[in-house]
*Asks:* 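Structure incoming, see below.
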Amino acid sequence: MYLLIFGPPGAGKGTQSVLIAERLGIKHMSTGDVLRQAVIDGSELGLKAKEIIESGSLVSDDVMIGIIYEALKNNGMKKGFILDGFPRTIKQAAALDVLLSELGYPPIKVINIVVPEVELIKRMLGRGRNDDSEETVRHRLNIFKEQTKPILEHYSKKSKVLNIEGVGSITEINNKIIDILSSKVP
Ligand code: AMP
């Protein structure tokens, strides 16, 4: 299975992706995790990304497309993957289309996690990541609405988009996702 998990910051994409990857035996590719690790390692990428992540803005499209290209070339991804945190702009989505077809991947399915904004703010302020201050959280939600949400339209035209209500316990939401992925209904 070749999946993309989509949704606003705080929707639980990371948590759900890890569970889905384990359950389906596919690779979890989180661009946020790659960037956070680069910051810890103090690599060139990490030095570039640190302030951007902390402010809640987006790292440049060219840098992010390069990261995804390297990941998709990796053989470990061939047997299936779930992309988490990418694409976040229309430019990234267009680049992903090209890369997937160039590298011979089959069409992807999009899992769209829908959560009301008040719930997102509550969750993010409660999780204690250092890019989760109130100001940063609002900034990230605005960026999502302006730059990331429009991608959904891009996918609704050409891919299968599975809408999941992301409110409830982690297990409940995970079961809903697994059910819809294994459903024979088109
Ligand atoms: P996440 O863990 O997905 O919430 O990502 C944390 C932060 O990493 C984001 O707020 C961005 O600053 C940066 N980031 C992650 N993925 C991307 C991406 N695809 N494009 C631009 N910035 C990204």
Side-chain angles (χ1 to χ4, degrees), residues 2-21 27-74 77 81-100 108 110-115 117 119-155 159 164 166 170 173 177:
Y2 301 87
L3 307 173
L4 192 167
I5 194 158
F6 188 86
K13 299 187 295 294
T15 308
Q16 291 299 334
S17 300
V18 170
L19 295 173
I20 295 164
K27 203 116 181 122
H28 173 217
M29 166 62 191
S30 154
T31 46
D33 285 353
V34 170
L35 294 172
R36 280 184 287 275
Q37 189 57 48
V39 172
I40 293 169
D41 297 344
S43 67
E44 202 183 318
L45 170 65
L47 296 176
K48 236 193 278 184
K50 188 171 186 290
E51 276 181 33
I52 303 174
I53 298 173
E54 282 169 6
S55 71
S57 294
L58 295 182
V59 174
S60 80
D61 285 335
D62 289 346
V63 168
M64 297 312 302
I65 291 164
I67 291 175
I68 277 290
Y69 180 47
E70 289 308 314
L72 289 174
K73 278 196 303 187
N74 192 314
M77 301 282 273
F81 57 68
I82 179 160
L83 299 184
D84 162 18
F86 187 98
R88 261 181 158 93
T89 64
I90 291 282
K91 190 174 169 196
Q92 291 180 15
L96 180 62
D97 288 346
V98 174
L99 290 179
L100 289 172
I108 50 167
V110 178
I111 301 165
N112 176 35
I113 310 214
V114 183
V115 179
E117 187 164 316
E119 173 74 16
L120 295 171
I121 295 172
K122 199 174 81 187
R123 283 191 200 173
M124 279 192 278
L125 294 179
R127 76 185 174 181
R129 234 165 68 173
N130 60 2
D131 56 345
D132 279 343
S133 74
E134 188 152 358
E135 194 193 332
T136 316
V137 161
R138 292 202 184 276
H139 183 50
R140 283 162 61 208
L141 283 170
N142 283 336
I143 289 188
F144 174 76
K145 281 187 242 173
E146 285 160 17
Q147 298 194 51
T148 308
K149 209 171 171 197
I151 297 176
L152 211 47
E153 185 127 358
H154 174 89
Y155 285 113
S159 305
I164 302 280
I170 291 173
I173 298 167
I177 297 173

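Counting starts at 1 for both ligands and their atoms, following the listed order.
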*Asks:* How far is atom 22 (N) of ligand 1 from its nearest protein heavy atom, and which residue and atom is that?
*Replies:* Val59 N, 3.1 Å
*Asks:* Gln92 to ligand 1: N or O pair under 3.5 Å?
*Replies:* yes
*Asks:* Using 0.5 Å steps for rounding, measure from the CD1 atom of Ile111 to the CD1 atom of Ile20.
*Replies:* 4.0 Å
*Asks:* Which is closest to atom 5 (O) of ligand 1 in terms of heavy atoms, Met64, Gln147, Arg88?
*Replies:* Arg88
*Asks:* Is there a polar contact between ligand 1 and Arg36, counting only N or O atoms under 3.5 Å apart?
*Replies:* yes
*Asks:* I'd like to know if the side chain of Lys48 reaches the main chain of Ser43, judged simply by a donor and an acceptor atom lying under 3.5 Å from each other, with no hydrogens or angles considered.
*Replies:* no
*Asks:* Under 4.0 angstrom from ligand 1, any heavy atom of Arg129?
*Replies:* yes
*Asks:* Which one holds for Glu51 and ligand 1: side chain close, backbone close, both close, or neither close, with close meaning a heavy atom under 4.0 Å?
*Replies:* neither
*Asks:* Identify which of Lys50, His139, Glu54, Arg140 has a heavy atom lying nearest to atom 10 (O) of ligand 1.
*Replies:* Arg140
*Asks:* Show the nearest heavy-atom pair for residues Asp131 and Thr136, with the distance to one decimal.
*Replies:* O-CG2, 3.3 Å
*Asks:* Do Pro87 and ligand 1 have an N or O pair less than 3.5 Å apart?
*Replies:* no
*Asks:* Please report the closest heavy-atom contact between Gln16 and Ile170, naming both atoms and the distance.
*Replies:* NE2-O, 3.1 Å
*Asks:* Please check if any side-chain donor atom of Asn142 sits under 3.5 Å from a side-chain acceptor atom of Glu146, or the reverse.
*Replies:* no
*Asks:* Out of Leu35, Asp84, Thr31, who gets a non-hydrogen atom closest to atom 14 (N) of ligand 1?
*Replies:* Leu35
*Asks:* Do we see a donor-acceptor contact under 3.5 Å between the side chains of His28 and Asp33?
*Replies:* no
*Asks:* So, 4.0 Å and heavy atoms of Pro9: is ligand 1 close enough to count as a contact?
*Replies:* no
*Asks:* Parallel, tilted or perpendicular: which one describes the rings of Tyr2 and Phe81, with boundaries at 30° and 60°?
*Replies:* perpendicular
*Asks:* For atom 7 (C) of ligand 1, what is the nearest protein heavy atom, given as residue, atom name and distance?
*Replies:* Ile53 CG2, 4.0 Å
*Asks:* To the nearest 0.1 Å, how far is atom 12 (O) of ligand 1 from its closest protein heavy atom, and which atom is that?
*Replies:* Ser57 O, 2.6 Å
*Asks:* So which heavy atom on Phe86 is nearest to which on Leu83, and how close?
*Replies:* O-CB, 3.9 Å
*Asks:* Run the contact test for Lys13 against ligand 1 with a 4.0 Å cut-off on heavy atoms, strictly below, and give the result.
*Replies:* no
*Asks:* Grab the two heavy atoms, one from Arg123 and one from Ala11, that are nearest each other, plus how far apart they are.
*Replies:* NH1-O, 3.3 Å
